[in-house]
Amino acid sequence: MRKYLGPLSKDNPILVQILGVCSALAVTAQLKPAVVMTLSVMVVCAVANLVISLIRNTIPPRIRIIVQLLVVSTLVIVVDQVLQAVVYDVSKMLSVFVGLIITNCIIMGRLEAFALSHKPIPSFIDGLMNGAGYGLVLVIVAFFRELLGSGTLWNYPVIPSAFYEAGYMNNGLMILPPMALILVGTLVWIQNSKKINAK
Amino acid sequence: MRELTDIFVRSVFIDNMVFAYFLGMCSYLAVSKNVKTAFGLGIAVCFVLAVTVPVNYLIDKYLLQEGALAWLSPEMANVDLSYLSLILFIAIIAGIVQLLEMVIEKLSPVLYQALGIFLPLIAVNCAILGASLFMQEKHFPTVAHSFSYAMGSGVGWLLAIVAFAAIRERLKYSNIPQPLQEKGIAYIITGLLGIGFMAFLGI
Amino acid sequence: MKEFSNRYIFLYITLLVVVTAVLLTGVHIGLKPRQEANQQIEKAQQILRAAGYGDVEKTVAAEKFSSVATRTERNGHEAYTIQCADGTEGTVIRVNGKGLWGPIWGYVVLADDQATIKGIVFSHKSETPGLGDKITQDKFTSSFIGKKIVDKNGNFVSVRVLQKGKENNIAEENRVDAISGATLTSKGVDAMLRNCLNEK
């Protein structure tokens, strides 16, 4: 069990392995798209791991990267189509970033490192957990950006209007892209401090 | 012509791949330890973008978009294959990168020495796929527009990684709190550079 | 490691491509009706908002829309006649244009004098967050209400989106303030309205 929980904290794919930040941060200006993105990545990562693990003995090694790409991109298209049908407004916000899940290094990385050499069920859980670890960072960043940048959470205002009357202002800088990076930097900092203290 | 330069300048400075969309971050963080390799990777990215985006543009225009197949026969006019664009784009990119690698190796060993090691890295660089997807979303009228967009994005990426690598070289001499070293500070610097680039928004 | 013959590899990849293609086509065809319904609902919500109904729930938007609006044409373009929230009748005109980054579009509701704006909504594909995307906010759209698209003599002038204090020869009832910091998106809105409303 321990092994599977690693990606959520001490082996977090974004914080420790700097994998997959690419498509991650642009969708973190609000909580809702970040959560939907997280779920999409979890689904794609878990199912891709499962499928590759199921067919791992039939894949000729020479074309394994292409096979992986094919499986991942098929899944991503399916997820994209489902999003458009079910949560249309969020899918508009995510726009091309759903497509970019394909090049998300976490997924390809897990396929290479885990699914090709493990049984289906552990692979599935591994994919799910890595997706979740990735999503955790997204959600934390999105939480702060939406709270401080727009004064809302999940589109509901949470900062009492008395604050605004007393002169409180939303921090417009938080909505702009660079702040996402600075927040991740801070998370890495906290993570590393914990590690050093633990030693 | 004016439009083309507009697109170019915009995608270099304002819509910078790294600072505005966080694309290509993996290789951006991994290959920016020194300016020389960063420059090499940047050039390779420009090169691949300049080839793949126009090719994908043509594919999108004559194969995928709604009504794109009209040139085959009028009955095909309302076939909409755009849901396949992701899979085709990534296949084209992977294919072209492979092809480029082989061609460069044959034609110019010098260039191959300089770019060769970076090319495989690029196939999985999200900046490349990202540029193709953004190109599709922007509905450019001609191939020239898409080419100018590709070059702009490439140069923007090159600029970002070289600037970042230069700062990182200097960083060796600074006194950074231990937990913040390496990755932590890298994110924060990128963020600060991004804020700097936001100044171009007014252009 | 097992060796695989070329023939095996070839068959393998062909099979895989066929399987994925069938799967994707199935998913696409299966979900298409719902995707299109979503687009219809969004359009209905936007037009209803422009007509003063406020935010209508997704579940009832399409029904509500068909009960108050009827499809008409205006110079061969899509338009609707709509019963507005205040009981008067209005004409909905679809406008299309280009913003800084991609397409922008919207719906204008004209009062029955065909000159006064009763309501307006805008949408965009990819304008800059925090700057250009302000065109969708009430603060901007409400500034259009009551403005006229003709001048005192009844000539078409559109509603201009201009920076405060510039081009003062244009009357107050024919202009609204541009969004500061989003000059190009504002210009796009300006051009879009001029092009699309002028087709009498």
Side-chain angles (χ1 to χ4, degrees), chain A residues 26-30 33 47 51-52 55-97 116-117 145-146 149-150 155 170-180, chain C residues 1-46 55 57-58 61-62 101-103 123-134 136-137 180-181:
Chain A
V27 296
T28 54
Q30 284 179 321
V47 179
V51 172
I52 291 291
I55 59 171
R56 67 181 188 280
N57 290 326
T58 65
I59 304 175
R62 263 166 58 198
I63 56 163
R64 68 174 198 287
I65 301 278
I66 297 188
V67 174
Q68 288 168 9
L69 262 181
L70 202 63
V71 169
V72 175
S73 36
T74 310
L75 286 169
V76 170
I77 295 177
V78 171
V79 166
D80 187 31
Q81 295 279 323
V82 171
L83 286 182
Q84 276 180 33
V86 182
V87 280
Y88 182 65
D89 48 337
V90 182
S91 87
K92 269 196 320 185
M93 274 191 254
L94 294 176
S95 69
V96 303
F97 293 99
L116 276 177
S117 53
R145 282 182 80 189
E146 189 174 352
S150 324
N155 284 337
N170 285 327
N171 184 353
L173 195 61
M174 276 312 220
I175 308 180
L176 299 176
M179 274 319 281
Chain C
M1 195 170 268
K2 260 197 288 183
E3 275 301 313
F4 292 91
S5 68
N6 280 343
R7 217 173 104 192
Y8 178 86
I9 291 177
F10 191 71
L11 279 175
Y12 192 85
I13 206 84
T14 317
L15 190 74
L16 208 61
V17 168
V18 170
V19 169
T20 50
V22 169
L23 184 75
L24 286 179
T25 316
V27 169
H28 180 69
I29 293 170
L31 292 175
K32 203 161 184 199
R34 284 196 67 174
Q35 291 171 0
E36 276 167 1
N38 279 330
Q39 284 163 8
Q40 288 298 329
I41 289 171
E42 197 197 20
K43 186 166 131 190
Q45 276 182 315
Q46 284 186 332
D55 288 323
E57 281 294 316
K58 267 183 214 164
W101 289 118
S123 286
H124 66 97
K125 181 99 195 185
S126 44
E127 297 309 295
T128 325
L131 292 170
D133 74 345
K134 282 189 186 154
T136 61
Q137 291 175 0
S180 54

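Every chain is numbered from 1, with letters handed out A, B, ... down the list of sequences.
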Once you round to the nearest 0.5 Å, how far does [atom1] of [X] lie from [atom2] of [Y]?
X: D89(A); Y: E42(C); atom1: CG; atom2: CD; answer: 8.0 Å
X: L69(A); Y: R64(A); atom1: CG; atom2: CZ; answer: 11.5 Å
X: S91(A); Y: Q81(A); atom1: OG; atom2: CD; answer: 10.0 Å

Heavy-atom contact with chain A under 4.5 Å, split by part of [X]:
X: L31(C); result: both
X: V19(C); result: neither
X: E36(C); result: neither
X: L24(C); result: side chain

Inset, instruction - Could you please spell out the steps behind the side-chain contact (heavy atoms from CB on, under 4.5 Å) verdict for R56(A) and S117(A)? - result: CA-CA 8 Å; R56(A) 67 181 188 280; S117(A) 53; 6.0 Å; no

Legend entry - Main-chain N/O of Y88(A) paired to N38(C) side chain as donor or acceptor, under 3.5 Å: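 No; zero donor-acceptor contacts below 3.5 Å.
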
Legend entry - Polar side-chain atom of Y8(C) near backbone of T58(A) as donor-acceptor pair, under 3.5 Å: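 Present.
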
Inset, instruction - Would you mind telling me which of I63(A), V78(A), I59(A), V82(A) has the largest number of heavy-atom pairs within less than 4.5 Å of chain C? - result: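 Option with the greatest count: I59(A).
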
Inset, instruction - With a 4.5 angstrom heavy-atom cut-off, could you sort out which part of I66(A) is near chain C: side chain, backbone, both or neither? - result: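 I66(A) touches chain C through side-chain heavy atoms alone.
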
Inset, instruction - Return the option, out of Q35(C), Q39(C), R34(C), H28(C), with the maximum number of heavy-atom pairs under 4.5 Å with chain A. - result: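 Of the candidates given, the most pairs with chain A belong to Q35(C).
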
